Amino acid sequence: MLYNAYEFQRNLLSVASAWADIGSEWLQNPLNPLSYGSMAPMMASGLDVFAHASASRGKPAFGFTEVMVDGKTVPITEEIILRKPFGQLKRFRRKGVTGSPKLLIVAPMSGHYATLLRGTAERMLPFADVYITDWRDARNVPIEEGTFDLDDYIDYVIEFLEKIGPGTHMLAVCQPSVPAYAAAALMCEDKNPCRPRTLTMMGGPIDTREAPTVVNTVATQRPLSWFEQNVIHTVPVLYPGGGRRVYPGFLQLAGFMAMNLGNHLVSHWGMFKHLVDGDEESAQSTKKFYEEYRSVCDMTAEFYLQTIDSVFQRHLLPKGELTHRGRKVDPAAITDCGLLAIEGEKDDISGLGQTKAALTIATQLPKAHKKHFIAEGVGHYGIFNGRRWREKIAPVVEDWITKHGA
């Protein structure tokens with residue numbers, strides 16, 4: 001019933017958004033005598049903010065068309081290298097550029113599309129041959145395609161690495177740090193020739209017992225049955241995945257918005273003032289962020305619940321108890337994969353020390369193959385997006401990949 005109620009509300013807001021957008025444009029039209037009144041800018045700006053906040057959103061596009069490589073402008077084409085029911089492996093091919101490190105960016109399956117990492121991929125494109133895991137919205141996957149859980153996620157990562165080939169470097173942002181780490185451990189134990197040469201983990205919940213955040217506390221203060229009964233819902237029949245049990249993206253978005261409600265209100269107030277002042281460029285910056293932030297997708301119930309149980313409640317990986325299809329995931333099997341753990345000093349999603357734990361549990365990995373980097377003054381989103389990512393953090397990743405290139 002909740003999912004259907006949300007759809008009903010979303011449809012109503014879509015209509016209201018369209019009318020608000022029309023009203024805003026009309027109040028700014030020089031042919032409208034009311035546009036010259038003193039209140040017109042404020043009314044138009046208010047309608048614009050409402051129209052943007054209530055608009056329906058689908059899957060955004062990456063939108064890459066070109067990149068500068070060694071001082072030359074190079075065209076980019078997006079290619080689907082491998083299609084799977086719950087995700088696809090996408091490559092950003094740079095025409096005529098060869099010899100660069102191969103980099104697989106593992107995007108989180110956490111309510112947002114892979115385009116949330118647009119800034120991450122864009123910054124790495126001049127340096128590397130970039131691939132990304134482009135996960136599907138679970139509500140669009142027919143129920144006949146079966147289930148998708150944490151074991152399947154690990155399988156997908158391994159299969160993607162094998163498709164790209166030997167010598168690939170891997171970068172996992174937030175939630176996928178755990179399955180990416182598990183995939184690396186399994187492939188190292190098997191001496192798989194396509195095992196990652198390096199694994200960079202950014203703000204990942206490897207061991208959430210370290211510096212627990214509000215997100216970690218919410219996940220541990222209730223039994224798993226509570227999550228199953230309260231946040232898992234059935235996709236309405238109007239979608240291709242009708243009947244599938246999911247954790248809806250709109251619920252996750254509501255949770256994150258509520259957690260930092262004050263900051264979001266300040267951001268929208270700032271956008272309103274920029275619009276009133278005629279500073280369209282500054283307002284567009286805020287709009288661009290929220291267009292991506294509010295573009296949400298569903299994840300399968302089994303993946304969400306298994307992640308809550310294994311990662312946040314029982315901490316199986318750092319305790320050496322995580323299994324993949326009945327096989328133990330042994331961190332000690334990682335002996336020749338360079339591990340880079342990056343944490344944000346002000347990260348309120350994955351606290352300091354949670355990602356660094358990945359280095360501690362890799363007991364057989366030489367010290368030269370481990371590195372820990374703290375990004376000062378950076379929150380969770382700033383680890384992989386924005387100016388500090390581009391100027392301070394990405395160079396550390398590039399240096400690490402270059403150091404372990406052979």
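Predicted model only: the values in this text are computed from it and were never measured. Residue indices begin at 1 and follow the sequence shown. Scope of the values below: all heavy atoms of this structure, side chains included, with no hydrogens, waters or symmetry mates.
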K.L.:
Step by step, work out the side-chain contact (heavy atoms from CB on, under 4.5 Å) result for T307 and F312.
P.N.:
CA-CA 7 Å; T307 299; F312 293 97; 4.0 Å; yes
K.L.:
Using modelled atom types only, decide if a donor and an acceptor are shared between the side chain of R387 and the backbone of G382 within a distance under 3.5 Å.
P.N.:
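No, R387 side chain to G382 backbone: no donor-acceptor pair under 3.5 Å.
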K.L.:
Among V178, D207, L316, whose side-chain contact (heavy atoms from CB on, under 4.5 Å) with V311 holds?
P.N.:
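Filter result, single survivor: V178.
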K.L.:
Drop me the distance from M201's CE to K356's NZ, to the nearest 0.5 angstrom.
P.N.:
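Rounded to the nearest 0.5 Å, the CE-NZ separation comes to 13.0 Å.
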K.L.:
Salt bridge or not for K84 and E159, using N-O below 4.0 Å?
P.N.:
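Answer for the salt bridge query: yes.
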K.L.:
Yes or no on salt bridge (Lys or Arg N to Asp or Glu O under 4.0 Å) for R327 and E189, after CA distance, side-chain angles and deciding distance?
P.N.:
CA-CA 11 Å; R327 175 186 174 187; E189 187 172 20; 3.2 Å; yes
K.L.:
Ignoring hydrogens and geometry beyond distance, is a side-chain donor-acceptor pair present between Q354 and D347 at under 3.5 Å?
P.N.:
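Not at all, the side chains of Q354 and D347 share no donor-acceptor pair under 3.5 Å.
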K.L.:
Mark yes when over 12 heavy atoms from residues, nucleotides or ligands other than E376 sit less than 6.0 Å from its CD; otherwise mark no.
P.N.:
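It does not: E376 CD has 12 such atoms or fewer within range.
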K.L.:
Apply the test salt bridge (Lys or Arg N to Asp or Glu O under 4.0 Å) to residues E78 and K90: give CA-CA distance (whole Å), side-chain angles for both, the deciding distance (0.1 Å), then the verdict.
P.N.:
CA-CA 7 Å; E78 293 184 16; K90 179 170 287 189; 3.1 Å; yes
K.L.:
Indicate the atoms forming the closest heavy-atom contact of M124 with V397, along with that distance.
P.N.:
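Between these two residues, the closest heavy atoms are CE-CG1, 4.1 Å.
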K.L.:
Before giving the answer on side chain to side chain donor-acceptor pair (under 3.5 Å), spell out for N216 and T213 the whole-Å C-alpha distance, their side-chain angles and the decisive distance to 0.1 Å.
P.N.:
CA-CA 5 Å; N216 307 145; T213 63; 3.1 Å; yes
K.L.:
Just do the side-chain contact (heavy atoms from CB on, under 4.5 Å) check on I81 and I164 with the steps written out, would you?
P.N.:
CA-CA 9 Å; I81 305 302; I164 299 171; over 6 Å; no
K.L.:
State, yes or no, whether a side-chain contact exists between D309 and F227 at a heavy-atom distance under 4.5 Å.
P.N.:
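With C-beta onward as the side chain, the pair stays apart.
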K.L.:
When you check the gap from the basic side-chain N to the acidic O, do R388 and E345 get nearer than 4.0 Å?
P.N.:
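A salt bridge is absent here (no side-chain N lies under 4.0 Å from a carboxylate O).
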K.L.:
Would you check if V67 and V97 make a side-chain contact, meaning some heavy-atom pair closer than 4.5 Å?
P.N.:
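Side chain of V67 against side chain of V97, heavy atoms only: no contact under 4.5 Å found.
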K.L.:
Taking the side chain as C-beta and beyond, is there a heavy-atom pair between T200 and H169 under 4.5 Å?
P.N.:
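No - every pair of side-chain heavy atoms lies 4.5 Å or more apart.
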K.L.:
Please give me the minimum heavy-atom distance between V396 and K392, naming the atom from each residue.
P.N.:
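Of all heavy-atom pairs spanning V396 and K392, the closest is CG2-O, 3.5 Å.
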K.L.:
Test your reading of the model: is there a side-chain donor-acceptor pair from E343 to the backbone of I374, 3.5 Å cut-off?
P.N.:
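Checked: no pair found.
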K.L.:
Do the side chain of K102 and the main chain of P166 share a donor and acceptor less than 3.5 angstrom apart?
P.N.:
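Side chain of K102 to backbone of P166, a donor-acceptor pair under 3.5 Å: yes, one is there.
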K.L.:
Using modelled atom types and a 3.5 Å cut-off, is there a donor and acceptor pairing between side-chain atoms of Q306 and backbone atoms of L150?
P.N.:
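Flag set: sc Q306 to bb L150 pair under 3.5 Å.
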K.L.:
Under a 4.5 Å cut-off applied to non-hydrogen side-chain atoms, are T168 and F160 in contact?
P.N.:
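Of all side-chain heavy-atom pairs linking F160 with T168, none is under 4.5 Å.
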K.L.:
Is the shortest heavy-atom distance from the side chain of P331 to the side chain of T363 under 4.5 Å?
P.N.:
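A side-chain contact under 4.5 Å is absent here.
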K.L.:
Report the relative orientation of the aromatic rings in F384 and H380; use parallel for angles under 30°, tilted for 30 to 60°, perpendicular for over 60°.
P.N.:
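Plane angle over 60°, so perpendicular.
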K.L.:
Atom OH in Y381, atom CG in L116: separation rounded to 0.5 Å?
P.N.:
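Going from the OH atom of Y381 to the CG atom of L116 covers 5.5 Å.
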K.L.:
Please test F303 against Y153 for side-chain contact (heavy atoms from CB on, under 4.5 Å), starting from the C-alpha separation and ending with a verdict.
P.N.:
CA-CA 8 Å; F303 172 78; Y153 195 120; 3.4 Å; yes
K.L.:
Could you go through Y304 and V246, starting from their C-alpha distance and side-chain angles, then the distance that decides it, and tell me whether this counts as side-chain contact (heavy atoms from CB on, under 4.5 Å)?
P.N.:
CA-CA 8 Å; Y304 172 74; V246 299; over 6 Å; no
K.L.:
Within the 4.5 Å heavy-atom criterion, are W400 and F373 side-chain neighbours or not?
P.N.:
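A side-chain contact under 4.5 Å is absent here.
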K.L.:
Is it the case that over 12 heavy atoms from other parts of the model lie below 6.0 angstrom from the CZ atom of R222?
P.N.:
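Correct, the count exceeds 12.
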K.L.:
For F64 versus A121, what's the shortest heavy-atom pair and its separation?
P.N.:
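Result for this residue pair: CE1-CB, 4.0 Å.
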K.L.:
Between W226 and V231, is any pair of side-chain heavy atoms under 4.5 Å apart?
P.N.:
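The answer is yes, as the side chains (C-beta and beyond) meet within the 4.5 Å cut-off.
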K.L.:
Measuring from atom CG of D137 to atom CE of M299, what distance do you get when rounded to the nearest 0.5 angstrom?
P.N.:
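Here the rounded value is 10.5 Å.
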K.L.:
Is it true that D330 and K328 have a side-chain N and a carboxylate O under 4.0 angstrom from each other?
P.N.:
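Looking at K328 together with D330, the answer is no, because their closest N to O distance does not fall below 4.0 Å.
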K.L.:
Could you pull out the closest heavy-atom pair between A375 and I393, with the gap in Å?
P.N.:
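Closest pair (atom of A375, atom of I393, distance): CB-CD1, 3.7 Å.
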K.L.:
Do any N or O atoms from the side chain of K319 and from the backbone of R314 form a donor-acceptor pair under 3.5 angstrom?
P.N.:
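Answer holds: yes.
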K.L.:
Atom CE of M202 and atom OG1 of T355: how far apart are they, to the nearest 0.5 Å?
P.N.:
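The OG1 atom of T355 is 10.0 Å from CE of M202, to the nearest 0.5 Å.
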K.L.:
Output, in order, the C-alpha distance, side-chain angles, deciding distance and verdict of salt bridge (Lys or Arg N to Asp or Glu O under 4.0 Å) for R245 and E228.
P.N.:
CA-CA 10 Å; R245 299 279 284 170; E228 187 170 9; 5.6 Å; no
K.L.:
I'd like to know if D129 pairs up with R94 as an ion pair, taking the criterion as any Lys NZ or Arg NE/NH1/NH2 lying under 4.0 Å from an Asp or Glu carboxylate oxygen.
P.N.:
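Between R94 and D129 there is no salt bridge, as every charged N stays at least 4.0 Å from the carboxylate O atoms.
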K.L.:
Distance check, rounded to the nearest 0.5 Å: T300 atom OG1 versus I143 atom CD1?
P.N.:
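T300 OG1 to I143 CD1: 11.5 Å, rounded to 0.5 Å.
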K.L.:
To the closest 0.5 Å, what do you measure between CZ (F92) and CD (E122)?
P.N.:
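Nearest 0.5 Å value for the CZ-CD distance: 10.0 Å.
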K.L.:
Got a donor-acceptor contact below 3.5 angstrom from the R139 side chain to the C297 backbone?
P.N.:
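Flag not set: sc R139 to bb C297 has no pair under 3.5 Å.
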K.L.:
If you measure from the Lys or Arg side-chain nitrogens to the Asp or Glu carboxylate oxygens, is any gap between R325 and D155 under 4.0 Å?
P.N.:
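Yes.
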K.L.:
Could you report the tightest heavy-atom contact between P223 and Q313, atom names first, then the distance?
P.N.:
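Heavy atoms of P223 and Q313 come nearest at C-NE2, 4.1 Å.
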K.L.:
So do N140 and P240 actually touch side chain to side chain, heavy atoms under 4.5 Å?
P.N.:
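With C-beta onward as the side chain, the pair touches.
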K.L.:
Checking salt bridge (Lys or Arg N to Asp or Glu O under 4.0 Å) for the pair D336/R195: CA distance, chi angles, key distance, verdict?
P.N.:
CA-CA 10 Å; D336 58 1; R195 62 188 181 274; 2.8 Å; yes
